[in-house]
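The structure appears below as structure tokens.
All values below were derived from every heavy atom in this structure, side-chain atoms included, with hydrogens, water molecules and symmetry-related copies excluded.
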Amino acid sequence: MYGEHPESDFSDDQGDEPAMAEIDIRDNRAQGRLEAYEGDQLVGVVGYFVMAGAPAALVAVHTVVEQGHEGKGIAGTLVKEFYETAAREGVPVVPLCPYAARWAQRHPDEVAVAPAADEDTVRAAEEQLKADSGRW
């Protein structure tokens with residue numbers, strides 16, 4: 001079972017934590033999950049969906065890091081890759097996940113690579129999330 005990334009612990013600083021092991025990020029688009037693996041162990045995930053129709057967008061719904069792996073920069077690495085994926089696809093990110101939204105505010109130079117989502121796109125993403133709320 002995954003624990004949600006603590007909202008109150010938003011530090012990207014790794015402090016005295018040991019160096020993060022090699023993290024492999026995999027886009028499991030069919031499941032709507034950007035997954036972080038340490039070896040063969042799933043240690044974190046960004047749950048997301050691709051907005052149906054136009055405008056297209058990637059919508060981050062939640063960011064989760066496995067207990068015992070918090071504070072290693074895994075959530076930030078996942079969210080950064082999420083924005084980079086959107087940039088490669090030429091679509092905006094709608095960060096409905098509070099962690100992803102705060103990460104973007106703290107790292108504006110890294111999110112600039114993805115197109116910005118306008119208010120209509122954000123509203124459409126919120127409506128699509130509500131329509132499929134049982135999934136989340």
Side-chain angles (χ1 to χ4, degrees):
M1 187 64 160
Y2 299 103
E4 288 196 32
H5 188 76
E7 305 254 345
S8 60
D9 180 20
F10 183 68
S11 175
D12 284 336
D13 182 13
Q14 294 181 21
D16 294 328
E17 292 285 332
M20 183 169 66
E22 184 71 26
I23 298 296
D24 180 30
I25 306 294
R26 303 175 196 168
D27 187 0
N28 184 345
R29 181 79 44 118
Q31 297 286 322
R33 295 161 51 98
L34 190 63
E35 301 169 334
Y37 286 86
E38 189 174 65
D40 62 354
Q41 181 181 13
L42 181 65
V43 295
V45 64
V46 171
Y48 74 95
F49 64 89
V50 179
M51 272 187 47
L58 294 180
V59 182
V61 177
H62 62 235
T63 302
V64 178
V65 172
E66 179 70 38
Q67 257 183 346
H69 294 276
E70 303 96 336
K72 296 180 181 180
I74 295 169
T77 298
L78 278 163
V79 172
K80 180 179 180 183
E81 178 59 28
F82 190 72
Y83 274 90
E84 289 174 356
T85 298
R88 285 190 299 272
E89 295 179 16
V91 298
V93 168
V94 178
L96 298 182
C97 164
Y99 178 86
R102 284 193 311 274
W103 185 92
Q105 290 171 344
R106 290 183 55 158
H107 301 89
D109 54 324
E110 297 183 58
V111 300
V113 297
D118 61 31
E119 289 181 30
D120 290 339
T121 303
V122 173
R123 275 194 295 279
E126 290 170 340
E127 289 172 13
Q128 190 171 338
L129 178 62
K130 286 178 188 174
D132 194 19
S133 62
R135 178 177 176 197
W136 309 103

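- For the pair Arg123 and Glu119, the salt-bridge criterion is met [side-chain N within less than 4.0 Å of a carboxylate O].
- Using a distance-only test at 3.5 Å, with no hydrogens or angles considered, a donor-acceptor pair links the side chain of Thr77 to the main chain of Gly73.
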For this session: In sequence, state the C-alpha distance, the side-chain angles, and the governing distance for Lys130 and Glu126, and then conclude on salt bridge (charged side-chain N to carboxylate O under 4.0 Å, His left out).
Result: CA-CA 6 Å; Lys130 286 178 188 174; Glu126 290 170 340; over 6 Å; no
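- Val43 pairs in a side chain to side chain contact (heavy atoms under 4.5 Å, CB included) with only one of the listed residues (Gln67, Glu38, Glu70), which is Glu38.
- Once rounded to the nearest 0.5 Å, the distance linking NE2 of His69 with NZ of Lys72 reads 5.0 Å.
- To the nearest 0.5 Å, atoms CE (Met51) and CG (Leu129) are separated by 11.0 Å.
- From Gln128, atom CD reaches atom CG of Leu96 across 10.5 Å, with rounding to the nearest 0.5 Å.
- Of the inter-residue distances, the one linking Thr85 atom OG1 with Leu78 atom CG reads 10.0 Å to the nearest 0.5 angstrom.
- At distances below 3.5 Å, at least one donor-acceptor pair connects side-chain atoms of His107 with backbone N or O atoms of Trp103.
- Summarising the local packing, CG of Asp40 is surrounded by 12 or fewer heavy atoms from other residues, nucleotides or ligands at distances under 6.0 Å.
- Here the closest heavy-atom approach between residue Tyr99 and residue Gly76 is recorded as OH-N, 3.2 Å.
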For this session: I would like to know whether Arg88 and Glu81 meet salt bridge (charged side-chain N to carboxylate O under 4.0 Å, His left out); could you show each step before the answer?
Result: CA-CA 10 Å; Arg88 285 190 299 272; Glu81 178 59 28; 2.7 Å; yes
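- Not one N or O on the side chain of Tyr48 forms a donor-acceptor pair closer than 3.5 Å with the backbone of Phe82.
- For the residue pair Val46 and Ala60, the shortest heavy atom distance occurs at CG1-CB, 4.2 Å.
- Take Val91 and apply the side-chain contact (heavy atoms from CB on, under 4.5 Å) test, not counting sequence neighbours, and it matches Ala56, Leu58, Ala86, Glu89.
- Minimum interatomic distance between Val59 and Ala125 (heavy atoms only, all atoms of both residues): CG2-CB, 3.7 Å.
- When all heavy atoms of Ala75 and Thr63 are compared, the closest pair comes out as CB-CG2, 3.8 Å.
- With no hydrogens or angles considered, a side-chain donor-acceptor pair links Glu35 and Tyr37 at under 3.5 Å.
- In this structure, Val50 and Arg29 have side chains that are in contact, with non-hydrogen atoms separated by less than 4.5 Å.
- If you take CG on Leu34 and CG on Asn28, they are separated by 9.5 Å, rounding to the nearest 0.5 Å.
- Side-chain atoms of Val61 and Phe49, non-hydrogen and from C-beta on, do get closer than 4.5 Å to each other.
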Problem set entry | Pair Val111-Val93, side-chain contact (heavy atoms from CB on, under 4.5 Å): steps then yes or no | CA-CA 9 Å; Val111 300; Val93 168; over 6 Å; no
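- Residues Tyr83 and Ala100 share a closest heavy-atom pair of OH-O, 4.1 Å.
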